[in-house]
Q: 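Can you read through this structure? Questions will come right after.
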Amino acid sequence: KQNSDGINLIINDSAARYVLADLPRAFIEKDSIWKRFRGYQILTEWHKRNAVPVSDRVKAGLELYLKDTANVSRFIKTKLIDVMDSLGQSYNIHRIDISKHLLSYLPFKKGFNVNIYVIALANCCGTTLKNDIMVDIWGRGVKVGSLLNGIIHEVYHVGFEQYKPDFEQLTNVTPTTNRMFFRKMFNEIQNEGMATWVAYNALKKGIATLEIKKSNNLL
C-alpha cells in the first residue's frame, strides 16, 4: 500500500524481462522495443540530452550469447532474473526506511511517486526523466542490493529536481557569462554529489549494498 506522506517506488521490469527472455528476438525487434517500452524511451532521451551515440549493446549481448549460449543463459537466469525476482521483495522490506532516508536529505517532507523502469543492455546504468527512472539490470551489477543502491541514487535526483526552484533554468540555460557558468556547474555538482552521498549513506544503514564490478565484460 502506498503512503501519501512517503516516497513510493513503482517498479516495472517488463522491458528487461522481454529482452532477456530471447536475445535473438530482441536484436531483430530492437527498434520497436526502444519505441514500445518506457525505459528505452527514457534512454533515448538520455542519448539526445547528452549527445551520446547509441552503441549496440544488444548486438554485443547476442554475439556473446551465440558464442557461449549455455553460460550466458545461466548468467541471465541465475543472476539477472533472480535479482529482478528479489527486487520487489527487498524493496517491500526496506521501503519505509528508503523513504525516510531520502526525505531526510530533502528540504520538504512531502512524499511523491517514482516509476522505476528496468531495462537491459543499455550503455547508461541509470537516468531520470521527471518522475520516471530507467535502470539497466545488466549494468548495475548482479545483486539486488546494488540495484537498490543505484535506484536510491536516481530517486534522490528526482527529489532534487522537484525541490530546487531554479533547477530547470540552470539545467537548460547555455551560459553566456562566468556567473551563469558557475551557477550551472555548482547546480550539477550539488545534484550529483548529494545523490552519491545519499546512496553511500544508505549502505551504512544496511538499506542497500554495493558491488564493485571488476570487468568491463558484459558478464
Q: Can you get from Val158 to Tyr200 by hopping between Ile, Leu, Val, Met, Phe, Trp and Tyr side chains that sit under 4.5 Å apart?
A: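 As far as the 4.5 Å side-chain criterion goes, Tyr200 and Val158 are connected within one cluster.
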Q: Quick one: closest heavy-atom pair of Tyr163 and Pro107, and the distance?
A: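 That would be CB-CG, 3.8 Å.
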Q: Are Asn201 and Trp197 close enough that some pair of their side-chain heavy atoms sits under 4.5 Å apart?
A: yes
Q: Are Glu63 and Lys67 within salt-bridge range, i.e. N to O under 4.0 Å?
A: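 Between Lys67 and Glu63 there is no salt bridge, as every charged N stays at least 4.0 Å from the carboxylate O atoms.
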Q: List the atom of Tyr91, the atom of Ile98, and the distance in Å for their closest heavy-atom pair.
A: CD1-CD1, 4.0 Å
Q: Can you tell me how far the CZ atom of Phe75 sits from the CG atom of Leu64, to the nearest 0.5 Å?
A: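 Phe75 atom CZ to Leu64 atom CG measures 9.0 Å (nearest 0.5 Å).
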Q: If hydrophobic clusters are built from ILVMFWY residues whose side chains come within less than 4.5 Å, do Val198 and Ile189 share one?
A: no
Q: Is any side-chain heavy atom of Leu102 closer than 4.5 Å to a side-chain heavy atom of Ile152?
A: yes
Q: Checking Tyr156 against Asn191: is there a side-chain donor and acceptor pair closer than 3.5 Å?
A: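 Absent: no donor and acceptor within the cut-off.
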Q: If you apply the rule side chain to side chain contact (heavy atoms under 4.5 Å, CB included), what do you find for Asn8 with Ser99, and how did you get there?
A: CA-CA 7 Å; Asn8 304 294; Ser99 177; over 6 Å; no
Q: Let me confirm one number: the OG1-CH2 distance from Thr128 to Trp46, rounded to the nearest 0.5 Å.
A: 12.5 Å
Q: Can you tell me if NZ on Lys205 sees more than 12 non-hydrogen neighbours from other groups inside 6.0 Å?
A: yes
Q: To the closest 0.5 Å, what do you measure between CZ (Arg95) and NZ (Lys100)?
A: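 Interatomic distance, Arg95 CZ to Lys100 NZ, rounded to 0.5 Å: 11.0 Å.
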Q: Measure the CE-CG distance between Met134 and Asp136 for me, rounded to the nearest 0.5 Å.
A: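 CG of Asp136 is found 6.5 Å from CE of Met134.
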Q: Between Glu154 and Thr127, is the side chain to side chain donor-acceptor pair (under 3.5 Å) condition met? List the steps.
A: CA-CA 7 Å; Glu154 298 301 336; Thr127 188; 5.4 Å; no
Q: Taking the side chain as every heavy atom from C-beta outward, state whether Asp22 and Tyr65 have any pair of such atoms under 4.5 Å apart.
A: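 Of all side-chain heavy-atom pairs linking Tyr65 with Asp22, none is under 4.5 Å.
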Q: So, the side chain of Asn50 versus the backbone of Val52: is there a donor-acceptor pair under 3.5 Å, distance only?
A: no
Q: What are the two closest non-hydrogen atoms of Ala16 and Ile137, and how far apart are they?
A: CB-CG2, 4.1 Å
Q: Can a donor-acceptor pair be found, under 3.5 Å and without considering hydrogens, that links the side chain of Ser73 to the backbone of Ala70?
A: no
Q: What are the two closest heavy atoms between Ala120 and Val19, and how far apart are they?
A: CB-CG1, 4.4 Å
Q: Going through the distances and angles, do Phe182 and Thr177 end up as a side chain to side chain contact (heavy atoms under 4.5 Å, CB included)?
A: CA-CA 9 Å; Phe182 283 111; Thr177 66; over 6 Å; no
Q: Measure the shortest side-chain to side-chain distance between Val54 and Thr44 over non-hydrogen atoms and say whether it is less than 4.5 angstrom.
A: no
Q: Give the intermediate values and the outcome of salt bridge (Lys or Arg N to Asp or Glu O under 4.0 Å) for residues Arg38 and Asp132.
A: CA-CA 9 Å; Arg38 178 61 177 160; Asp132 292 346; 2.9 Å; yes
Q: Decide yes or no for Gln41 and Leu129: does some side-chain heavy atom of the first lie under 4.5 Å from some side-chain heavy atom of the second?
A: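 The answer is no; the side chains never approach within 4.5 Å.
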Q: State, with a plain yes or no, whether a side-chain heavy atom of Asn149 is found less than 4.5 Å away from one of Ile151.
A: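 In short, these two side chains do not touch, never coming nearer than 4.5 Å.
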Q: Using the rule given for side chain to side chain contact (heavy atoms under 4.5 Å, CB included), can you reason through Cys124 versus His47, listing the C-alpha separation, both sets of side-chain angles and the distance that settles it, and then say yes or no?
A: CA-CA 9 Å; Cys124 169; His47 279 283; 5.8 Å; no
Q: Among the clusters formed by ILVMFWY side chains lying less than 4.5 Å apart, do Val155 and Leu203 turn up in the same one?
A: yes
Q: Apply side chain to side chain contact (heavy atoms under 4.5 Å, CB included) to the pair Glu192 and His153, showing each step before the final yes or no.
A: CA-CA 9 Å; Glu192 199 59 52; His153 176 107; 2.8 Å; yes
Q: For the residue pair Val114 and Ile7, what are the closest heavy atoms and their distance?
A: CG2-CG2, 4.4 Å
Q: Is there a chain of hydrophobic side chains (I, L, V, M, F, W, Y, each step under 4.5 Å between heavy atoms) that links Ile28 to Leu20?
A: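 No.
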Q: Quick check: Phe37 with Tyr18 (ring centres under 6.0 Å apart)?
A: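 When the ring centroids of Tyr18 and Phe37 are compared, they turn out to be within the sub-6.0 Å range.
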Q: Should the pair Tyr40 and Trp34 be assigned to parallel (<30°), tilted (30 to 60°) or perpendicular (>60°) ring geometry?
A: tilted
Q: Taking atom types as modelled and ignoring hydrogens, do the side chains of Gln162 and His157 form a donor-acceptor contact shorter than 3.5 angstrom?
A: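 On atom types as modelled, these side chains do not qualify, holding no pair under 3.5 Å.
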Q: If you measure from CG on Leu62 to NZ on Lys59, what distance do you get to the nearest 0.5 Å?
A: 9.5 Å
Q: Counting C-beta onward and ignoring hydrogens, is there a side-chain heavy-atom pair between Ile10 and Ile116 closer than 4.5 Å?
A: no
Q: For a quick test of reading the model, state the closest non-hydrogen atom pair linking Leu148 to Ser90 and the distance between them.
A: CD1-OG, 3.3 Å
Q: Quick check on Ile93: does its CD1 atom have over 12 non-hydrogen neighbours (other residues, nucleotides or ligands) under 6.0 Å away?
A: yes
Q: Under 3.5 Å, sequence neighbours excluded: what are the donor-acceptor pairs made by side chains of residues 81-89?
A:
from, atom 1, to, atom 2, distance (Å)
Asp85, OD1, Arg17, NH1, 3.3
Asp85, OD1, Arg17, NH2, 2.6
Ser86, OG, Asp82, O, 2.9

Q: Does one hydrophobic cluster hold both Met185 and Phe160, with members joined at side-chain heavy-atom distances below 4.5 Å?
A: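 Not linked; separate clusters.
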Q: Does the side chain of Ile133 come within less than 4.5 Å of Asn115's, by heavy atoms?
A: no
Q: In Å, rounded to the nearest 0.5 Å, how long is the span from NZ of Lys30 to NZ of Lys35?
A: 11.5 Å
Q: If you count every heavy atom of other residues, nucleotides or ligands that lies below 6.0 Å from Tyr105 atom OH, does the total exceed 12?
A: yes
Q: Does NZ in Lys184 sit with more than 12 non-hydrogen atoms of other residues, nucleotides or ligands closer than 6.0 Å?
A: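 Enclosed: over 12 neighbouring heavy atoms sit under 6.0 Å from NZ of Lys184.
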